[in-house]
Amino acid sequence: MAGTTPQPTSRTRSWWGWGWTDAHPDDAECTAMGALIPGTLSRPLPVPRVRDLGIGSPAAEPPRSLAHLVSADPADRAAHAMGKAYRDVMRALRGRPGRIPDLVARPTDEQGVADLLDWAGDRQVAVVPYGGGSSVSGGVEYRGDAHRAVMSLDLTAMGRVLEIDTEGRAARIQAGTLGPSLEDQLRPHGLTLRHFPQSFEFSTLGGWLATRAGGHYATGRTHIDDFVQSLRVVTPAGTSSSWRLPASGAGPSPDRLFLGSEGALGIITEAWVRLQERPRHKASAAVAFTDFQDALGAVRALAQSDLSPANCRLLDSGEAALSGAAQDGSAVLVLGFESADEPVTGRLERAVGLARSHGGRHGGTTGPDAAPDAGSAAGPDGDAAVTAWRSAFLRMPYLRDGLARMGAVAETFETAACWDRIPHLIDEVRTEVGAAALKATGHPATVNCRLTHVYPDGAAPYFTVLAAGRAGAEVALWDDLKAVASEVLHRHRATITHHHAVGRDHRPGYDRQRPEPFALALRAAKGALDPRGILNPGVLLD
């Protein structure tokens, strides 16, 4: 049983910034936002134009047999040159996007992927896999000059749910399927993958798998890894197809080799993934805390309980103010529960009670227990704080791009660590990144924190940095601030990334985090699967 054919949209994606072009802040909104950060530009940088990039002729030409799969259109090439991190947006605004791919290929089936890899290997053309292009760690761009040409391999023409096993609640899905299309094809069957990263609208199943993406949900199955039954991966050395199994103890997992490999070992073309019934019962609430340390204790208690909230997102006072969830200096805990088969208000009330026992204040009403289907775990908005937070969550990437047009540094990074390190880790990131920004710009910076995912043994802090830029050197400034933050993470043995992948931007931190024997094994796997070194060069290893 297969899903329905996805329908195209008439809206236009931005080639240089986040999301849809019609959702970007206009000049007046950019100026108003910039006025809130001392040291920004007096007027926004102009929206960049592809024609100003001076894109030349491609350095390679595909054979006639593959020409129907390949585009050399300058606008197409520019749109595939980078991801959507702050440094990508800023480089585009300054007219310095880096190496533009020579070609953009869109295979429609697995044989097309294999044929393109064969041709690229013979011609020493680098192949950079591309899903929705939402990478924020430099994962979809080429850096360097070791290859004669670069081809962006866009998988979105492979965007169908091929087979649904309703008895086993699983589906075989092509890797290029974008989040909304995936859910649209599952919805008639009453099923959902229940994986909703912030990039959901602009990212693909293959991208989630290749980057070990984290979803919106705070507990339980938080990473895409948890949903995988089997993978098909095309490599220059052949196609890997693992068995579809509920579990196995047969040696090292072949799927684990490719999960998180970011296209450096092969091209994920499809996967069998576990599904769930669509939730029918949802409820949400917000709890305020005067003391952030009390709030951390409440979240830890919730993570170690049997309540399993779908949403358990803690906003510090700065993050709460930025999102509109609270303006009185309180930290805010956003709670949400959902279920396909039973009411959840009882669990929400227990969670609120637990938070209150740690000093929390809850004065609003919870959301209704039954609600129409929605992607967000927050569900129906019972508290004004929940409503404000959810709106800000969806709008924030667009606002970041508006601040970038004002020359400000506006970016995020995330990590994960065990509970005994969390309080000091958060304090030191705030202090040291703030001090570095003040020294570099002469203006104070804002460094906020929220917890996005929580586990019995630890949590994932997610930081927002807002600072004045240095005209023309905004990217270098952000790189310096990110290096300061990375040093703090390394000092506390916190991961360089919880769910944003390694890409090229996180390579220094990843090289320090991984054990050397594992690095040796990874290099050997790269050499065996990609002997000519064409797959996403520079990602994970050299």
Side-chain angles (χ1 to χ4, degrees), residues 192-198 200 208 212-228 273-287 289 295-315 319 331-358 360 362 366-367 369 371 374-380 382 386 389-390 393 414-422 426 449-462 494-495 497-500:
T192 176
L193 178 60
R194 197 181 179 266
H195 185 76
F196 299 104
Q198 190 175 29
F200 172 75
W208 302 340
R212 296 182 67 192
H216 173 84
Y217 295 91
T219 66
R221 291 176 176 174
T222 61
H223 274 76
I224 194 65
D225 314 33
D226 303 322
F227 298 92
V228 175
V273 291
R274 300 177 177 91
L275 306 177
Q276 301 172 63
E277 291 184 40
R278 304 192 79 82
R280 292 186 293 274
H281 302 274
K282 297 185 180 185
S284 61
V287 182
F289 291 83
L296 286 175
V299 172
R300 185 176 68 252
L302 284 164
Q304 293 173 349
S305 73
D306 62 353
L307 292 171
S308 298
N311 199 7
C312 187
R313 193 165 297 231
L314 176 61
L315 318 177
E319 196 73 13
V332 174
L333 173 60
V334 179
L335 289 170
F337 287 84
E338 63 178 40
S339 172
D341 55 13
E342 64 179 7
V344 294
T345 49
R347 277 194 288 156
L348 178 61
E349 289 169 358
R350 286 175 57 199
V352 169
L354 186 57
R356 279 176 167 161
S357 72
H358 284 77
H362 173 62
T366 59
D369 196 79
S376 170
V386 177
W389 165 78
R390 185 173 186 274
F393 178 79
E414 34 71 55
T415 184
C418 296
W419 280 117
D420 62 341
R421 302 170 198 158
I422 290 291
I426 293 173
C449 179
R450 62 187 184 270
L451 300 188
T452 59
H453 301 76
V454 295
Y455 307 92
D457 51 352
Y462 195 116
T495 182
T497 177
H498 173 263
H499 59 264
H500 280 168

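- Here the NE2-CG distance, from His281 to Leu348, works out to 14.5 Å after rounding to the nearest 0.5 Å.
- Between Phe393 and Val334 there is no side-chain heavy-atom pair separated by less than 4.5 Å.
- Between His223 and His453, the ring planes are tilted. Angles from 30° to 60° get that label.
- When all heavy atoms of Thr219 and Pro309 are compared, the closest pair comes out as OG1-O, 2.5 Å.
- Of all non-hydrogen atoms in Ile422 and Ala459, the two that sit nearest each other are CD1-O, 3.9 Å.
- The two residues Ala298 and Phe289 have their closest heavy-atom pair at CB-CZ, 3.7 Å.
- Note: Phe196 and Tyr217 have tilted aromatic rings, judged against thresholds of 30 and 60 degrees for the angle between ring planes.
- Atoms NE2 and CZ, from His498 and Arg212 in turn, are 9.5 Å apart once rounded to the nearest 0.5 Å.
- Minimum interatomic distance between Ala417 and Ala494 (heavy atoms only, all atoms of both residues): CB-CB, 3.9 Å.
- The shortest non-hydrogen separation linking Ala340 to Glu277 is CB-CB, 3.7 Å.
- The SG atom of Cys312 sits 7.5 Å away from atom CZ of Phe337, with the distance rounded to the nearest 0.5 Å.
- Side-chain atoms of Glu414 come within 3.5 Å of backbone N or O of His499 as a donor-acceptor pair.
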Between Val454 and Leu302, is the side chain to side chain contact (heavy atoms under 4.5 Å, CB included) condition met? List the steps. CA-CA 9 Å; Val454 295; Leu302 284 164; over 6 Å; no
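- With a 4.5 Å cut-off on side-chain heavy atoms, Trp419 and Val299 count as touching.
- Gln276 places no side-chain N or O within donor-acceptor distance of the main-chain N or O of Thr192, the cut-off being under 3.5 Å.
- A donor-acceptor pair under 3.5 Å is absent between the side-chain atoms of Arg280 and the main chain of Ser339, judged by distance alone.
- Shown here for Val287 and Ala355, the closest heavy-atom pair between the two residues is CG1-CB, 4.0 Å.
- Under the 4.0 Å criterion applied to side-chain N and carboxylate O atoms, Arg350 and Asp306 are assigned as salt-bridge partners.
- Remark: side-chain polar atoms of Ser284 are not paired, donor with acceptor, to backbone N or O of Leu335 under 3.5 angstrom.
- Side chain of Thr222 to main chain of Gly214: no donor-acceptor pair is present (N/O by atom type, distance under 3.5 Å, no hydrogens or angles).
- A donor-acceptor pair under 3.5 Å is absent between the side-chain atoms of Arg450 and the main chain of Leu314, judged by distance alone.
- Summarising the geometry, atom CG belonging to Asp226 is positioned 11.0 Å from atom CZ belonging to Arg194; distances are rounded to the nearest 0.5 Å.
- Between the NE2 atom of His362 and the CZ atom of Arg356 there is a distance of 6.0 Å, given to the nearest 0.5 Å.
- The closest donor-acceptor contact from the side chain of His216 to the backbone of His195 lies at 3.5 Å or more, if one exists at all.
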Using the rule given for salt bridge (Lys or Arg N to Asp or Glu O under 4.0 Å), can you reason through Arg313 versus Glu319, listing the C-alpha separation, both sets of side-chain angles and the distance that settles it, and then say yes or no? CA-CA 11 Å; Arg313 193 165 297 231; Glu319 196 73 13; over 6 Å; no
